[in-house]
*Asks:* 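I have a structure here, written as structure tokens, and I will follow up with some questions on it.
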Protein chains: 2
Amino acid sequence: MANTRLEILKKYYKKNRRLPSYSEMLKLFNLSSKNSVFKIVNKWIDENFLKKINGKLSPTSKFFALPLLGNIKAGFPILAEENKNYLTLDDYLIEDPSTSFLLKVSGDSMTGVGIFEGDIVIVEKKKIPTIGDIVLAQIDREWTLKIFKKDRKKHTNYLEAANPKYPPLYPLQELQIYGVVKAVIRKFN
Amino acid sequence: MANTRLEILKKYYKKNRRLPSYSEMLKLFNLSSKNSVFKIVNKWIDENFLKKINGKLSPTSKFFALPLLGNIKAGFPILAEENKNYLTLDDYLIEDPSTSFLLKVSGDSMTGVGIFEGDIVIVEKKKIPTIGDIVLAQIDREWTLKIFKKDRKKHTNYLEAANPKYPPLYPLQELQIYGVVKAVIRKFN
DNA sequence: CTTGACAGTGAACAAATGTTTACTATATAA
DNA sequence: TTATATAGTAAACATTTGTTCACTGTCAAG
């Protein structure tokens, strides 16, 4: 299989977080001429798995991307090579690593929007929230994860749970927004 | 700030998916002696942001990791430098990239386990499921995402929705498992 | 005032890198 | 059969790489 070497390369990258040098690929692919590697790499560049910017080799997003399959309800063979889209998880989830952090969720106040106890939430710091955003906030010195809302009559912002059993939270003194929830992830097992 | 350069480096890596060479860092950091870079890099190695394996530089997981903060209910300042854990999303979510793919979910049959319409699910191919796993399966030629169950009395496997409004699915002819759901992700906005 | 740590410069260099050119073997298609 | 594309080898080489050594200026602590 022609793909096998690419798989080896991907595994190498996954493990070492960098591409191997040509000499390293030599060993990796069990070849004995650097020129073989040179040709193979050039083919991958043509196929857009790798690219070269002023002589420096780096992987493209195609290199990392996982196939993203569509609608599961439609009866046709979704695993076919067609109708494939690709997605790189890290790029998809994290816009700005320097202002993002993860937060392990506790409590059941956000079950209505599918955020459960134990889920991990990606929070982007310091963003001014839009009405309706899920925010990490400190309301009267109490930390919480809620929906950011505006009361038009009272001209104040308040927080709302996504679970009918919790009442809306109006700040007595202070409502401070620390970040906006960009995504949730949940791992099974 | 001493961290600024590390931020620059992280951005470079995020963009180019590789570390810059020392000469490239020279420009990146606005320095004029390679030896300066050499020393800076060595400090980062000491601090475990980078590492060197037979002379080859690569980032550690600390380099990528986002801070993972704990229990939000507990009233103390969770954004403090302490009680920090770190997590690398890609590593956390994807064990084997070569057998994993993503699937955009449609339908409301799995809302009970917090999988909603539009969510993206990470599926690992060809795994033999454990009872209770969420599986991507073909039941009587129909594709679906359900919970894998075993009927002890009838000695057959069947599929169960995570939504009371859908009945359990017993295969008339064939139940074929294509993969196991390892994680869900949902992006807001 | 001095000492030492810290941050940076500059030059020199062996080793490794990516690239080029020329050649071989094998299989496939005309 | 004869081409011709594909996959690989081998050697040679300029360029770039990471590293070492010697040096300068600055700032804070003793």
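Just so it is clear: chains get the letters A, B, ... in the order the sequence lines come, proteins before strands, and each one is counted from 1.
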*Asks:* Would you say the base of D:dA7 and the side-chain of A:Ser36 have a donor-acceptor pair closer than 3.5 Å?
*Replies:* no
*Asks:* Under a plain distance cut-off of 3.5 Å, with no hydrogens placed, do B:Thr144 and B:Lys146 share a side-chain donor-acceptor pair?
*Replies:* yes
*Asks:* Measure the distance from CZ on A:Phe29 to C1' on D:dT9 and round it to the nearest whole Å.
*Replies:* 17 Å
*Asks:* Specify the separation, in whole Å, of atom NZ of A:Lys39 and atom C1' of C:dT21.
*Replies:* 10 Å
*Asks:* Starting at atom CG of B:Asn54, determine the distance to atom C1' of C:dA15, rounded to an integer number of angstrom.
*Replies:* 14 Å
*Asks:* Any idea which heavy atoms bring A:Lys62 and A:Asn48 closest together, and the distance?
*Replies:* CB-O, 3.4 Å
*Asks:* Starting from C1' on C:dG8, measure out to CG on B:Asn30 and report it in whole angstrom.
*Replies:* 13 Å
*Asks:* Nearest-Å distance, CG (B:Leu31) to P (D:dT24)?
*Replies:* 20 Å
*Asks:* Students often mix this up, so state it plainly: with edges at 30° and 60°, are the rings of B:Trp44 and B:Phe29 parallel, tilted or perpendicular?
*Replies:* perpendicular
*Asks:* Is there a donor and acceptor pair, one atom on the side chain of B:Ser33 and one on the base of C:dG10, closer than 3.5 Å?
*Replies:* yes
*Asks:* Does A:Glu160 come within less than 4.0 Å of A:Lys149, counting only side-chain N to carboxylate O?
*Replies:* yes
*Asks:* Which letter, B, S or -, goes with each nucleotide of nucleotides 14-20 of chain D from 5' to 3', with contact meaning a protein heavy atom under 4.0 Å?
*Replies:* --SBBBB
*Asks:* Between A:Arg5 and D:dA7, is there a side-chain N or O to OP1/OP2 distance below 4.0 Å?
*Replies:* no
*Asks:* Taking the six-membered ring for Trp, are B:Phe64 and B:Tyr13 parallel (under 30°), tilted (30 to 60°) or perpendicular (over 60°)?
*Replies:* perpendicular
*Asks:* Indicate yes or no: does B:Asp96 engage B:Lys125 in a salt bridge with an N to O separation below 4.0 Å.
*Replies:* no
